[in-house]
Student: 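Have a look at the structure that comes next, please.
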Amino acid sequence: MTLQRLHLPVKSLMLGGTLILAALSGQVLAQTKPAAQLTKYVDPFIGTGGHGHVFVGADVPFGAVQLGIRNISTGWDWCSGYHYSDTTVTGISHTHLSGTGIGDLGDISVMPVTGDVKLTEGKAGDEKSGYTSLYSHQDEVAKPGYYSVMLKRYSIKAELTASKRVGFHKYTFPAGQQPKIILNLKQGIGWDAPMETFIRQENDTTISGYRYSKGWAADQRIYFTAVFSKPVKSFSVSDSTSLKDGKELKGRGVLGVATFDSKDGSPVSLKVAISPVSVENAKLNMKAEIPGWNFEAQVAKADAEWNKELSRVVIKSADPKQMKIFYTALYHTMIAPSVFNDVNGDYLGTDKKVYKNAPFTNYTTFSLWDTYRAAMPLMTLINSEKAGDLVNTWLAIYQQQGRLPVWHLMGNETDCMVGNPGMIAVADAYLKGIKGFDKDLAYEALKATGMRKERGLNLLQKHGFIPADSTVESVAMGLEYAVADWGVAQVAKNRGNKADYDYWIKRGKSYQNYFDKETRFMRGRFENKTWRTPFNPFQAIHRQDDYTEGNAWQYLWLVPQDVEGLIGLLGGQKPFTAKLDSLFEAKGDMGAESSPDISGLIGQYAHGNEPSHHITYMYAYVGQPYKTAEKVRYIMDNLYHDENDGLSGNEDVGQMSAWYIFSSLGFYPENPSNGMYVFGSPVVDEATMKVGYGKTFSLSVKNNSKANKYIQSITLNGKPYTKSYIMHSELIKGGKMTINMGAKPSATWGVKQADRPYSVTQ
């Protein structure tokens, strides 16, 4: 602010004396007040223990680079490359997954060393067998945009930060030791294995190359350029077995070793830019994002980027643990989806063609079977602009592979998990009015994807259900397809296409064909329409029965799109409620072959896995919102905490955290495609959300405490609000809501039939 902009003459300022100057000073301070420092509440170690599988390292929101260490251990709990139980470093990689059930990525691994070492990771417990080093958690620092650790074997301090497409390393070597840095193109995480790699020294500070690998994603391609802050004294290449002549090498898994002349203990820095397209584009990315060598400035910039994104939801709570859990959860929802194009817009398509100068930001890492439930709806609510680019990415994938994505990774369709979750996510964005994508193309993609013949769809189209004698996981597959098809019906309705609506709504109700009236569960049935026997609703046989990571108790409720229809199948509101009550109390053995994903159990409710996430909110449909309040409060209090094992199950690329974010704010998208959020029990005292396109929605929770978990009344913009739900269209207008809490269930709020949620679109 300047005096001229205030349009006040200098004389009037003089006449006003100290009082006016003080007032002006207050205005200036108010306008230049820094954003809330929310990154201080984030603890990236939450979810690194137990089975959370989260990423730890340096990154920026939705960045292509996730720069972090890789432990030497492998297995399910090392899907991200890191687990808190481990204290080994065998490389610092530029790509990582966060919260998956399969390990992949780990591209372009860097390891600083001193002395003579074998060019292999080595074996756990035998330090001399390779170059792996131990570390201590006491020597670790992790915060958004920054990570550091001391490599005990070499007394090297490793510090990391990042931009969207560039990893920035700073290594402080001990005085008297000659610095060496290994670039390992063989090493990956989990299923990942190199297919072709290439490394070349371009000059005395630059190394470039590429890595093609196969893993969960079958054909991954990543190009890189690495620039050192000091000249390389010597550079050697290896094929993982022995050193080779020359300054470049192509092979299945090659390595390069850069040796430096200085022994004065001064840091050696390294910048590594990546690209899905070319080395040349990697260089463009570096020039655009981190052209200089000011490491501390980049740390500050990354922190500022995180603060900006986290400030989309600003909460207040008297409980510091609550602040920590909330903002760590919000942070975890912003690691992926990951940028998958270069600064000039170029990206690699699913068809392996390079698309130049795309008019949208292309993304990857879509765990849609998990994230369609809450993480994607969270994006549509608080980051609508980015949601538009996600839809554009999905539509581009449709044009390249003929169908919307299922589980897309690094330009590959993995087809992991069942159903058509990409359809649900597109329908959700369409119906919520997300801008910036071709609505006609989206509708075409929805219908074309649902009319494909693979993955059981041909059987669904022929029989109205998927026979259990034709495929495993038939019930889970069929129920997920019904959720997706229901969404297409609502889009058809929105467009005024009655014929399409009639077709897709029938498919959206196909869940009814899996319901057995005798046992009152969803069951596998054969082509001749007989039920699979024997039947045990508790048993779960991973990838061999009729369910996906669950049992019949859990899959009975996978009808978020038509709760009224499920109520009817179960015989009405009273029997429905009794059955729902029993879910949280039923005790039974799932058997030795059940999936480890079935975790966070309350009776047979499994909060550690996504198919259960909407279930607690179903009580509102029968006028008992107080039971939703009791259940969600119990889950938030007992299945989320601020220790390294603070998640009750796999993070699943943000979904576990998105459930917590919504639930702590007091509402949840029980049916992700109809724009309806069902109220539960808020634990925050206040919240200010950036919603839609430039609007602000504020929330004030009165008389909130552990005992006062029941909503007594709500006012919206000063007027009484009696419904136990709120529509997305209402939220994104902005406004102010006040929720009054109490220690006993309300006898009136949300109880009447007219105030209950229902299964229609907005």
Student: Do R403 and D415 sit within salt-bridge range, that is, some charged N less than 4.0 Å from a carboxylate O?
Tutor: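 The answer is yes: the pair qualifies as a salt bridge.
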Student: Y511 pairs by side chain to side chain contact (heavy atoms under 4.5 Å, CB included) with which of V559, V483, D485?
Tutor: V559
Student: Less than 4.0 Å between a side-chain N and a carboxylate O, is that true for K509 and E564?
Tutor: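 No, E564 and K509 are not salt-bridged.
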Student: Does a donor on one side chain sit under 3.5 Å from an acceptor on the other, for Y725 and E670?
Tutor: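 Side chains of Y725 and E670: no pair found under 3.5 Å.
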Student: Take Y617 and M676 through the test side-chain contact (heavy atoms from CB on, under 4.5 Å) and record every step on the way to the result.
Tutor: CA-CA 12 Å; Y617 288 88; M676 183 180 287; over 6 Å; no
Student: Looking at Y677 and L731, would you say the former's side chain and the latter's main chain have a donor-acceptor pair under 3.5 Å?
Tutor: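 Answer holds: no.
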Student: Does some side-chain heavy atom of L409 sit less than 4.5 Å from a side-chain heavy atom of L97?
Tutor: yes
Student: Tell me, please, whether F679 has K723 positioned over its six-membered ring: NZ or CZ under 6.0 Å from the ring centre and within 45 degrees of its axis?
Tutor: no
Student: Do D502 and K506 sit within salt-bridge range, that is, some charged N less than 4.0 Å from a carboxylate O?
Tutor: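 Salt bridge absent between D502 and K506.
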Student: Under a 3.5 Å threshold, yes or no: a donor from one side chain and an acceptor from the other, between W369 and E610?
Tutor: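 Not at all, the side chains of W369 and E610 share no donor-acceptor pair under 3.5 Å.
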Student: Does the pair K627/D581 count as a salt bridge with the N-to-O cut at 4.0 Å?
Tutor: yes
Student: Verify the ring-centre separation between W557 and F576: is it less than 6.0 angstrom?
Tutor: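 Between W557 and F576, which both carry aromatic rings, the centre distance is below 6.0 Å.
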Student: Just so I know, are the side chains of S612 and H607 near enough to count as touching, which here means a heavy-atom distance under 4.5 Å?
Tutor: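 Sidechains of H607 and S612: no contact.
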Student: When you check the gap from the basic side-chain N to the acidic O, do E730 and K733 get nearer than 4.0 Å?
Tutor: yes
Student: Is the shortest heavy-atom distance from the side chain of V632 to the side chain of W659 under 4.5 Å?
Tutor: yes
Student: Can T533 and R523 be said to form a side-chain contact (heavy atoms from CB on, under 4.5 Å), step by step?
Tutor: CA-CA 10 Å; T533 55; R523 290 180 60 180; 3.6 Å; yes
Student: Is K631 positioned over the aromatic face of Y605, cation under 6.0 angstrom from the ring centre and no more than 45 degrees off axis?
Tutor: no
Student: Does the pair R373/D428 count as a salt bridge with the N-to-O cut at 4.0 Å?
Tutor: no
Student: If you apply the rule side chain to side chain donor-acceptor pair (under 3.5 Å), what do you find for S474 with Y514, and how did you get there?
Tutor: CA-CA 9 Å; S474 61; Y514 304 93; over 6 Å; no
Student: Do F662 and P669 have side-chain heavy atoms sitting under 4.5 Å apart?
Tutor: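 Sidechains of P669 and F662: in contact.
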Student: Any idea how F465 and H463 line up, ring-wise: parallel (<30°), tilted (30 to 60°), or perpendicular (>60°)?
Tutor: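 Tilted.
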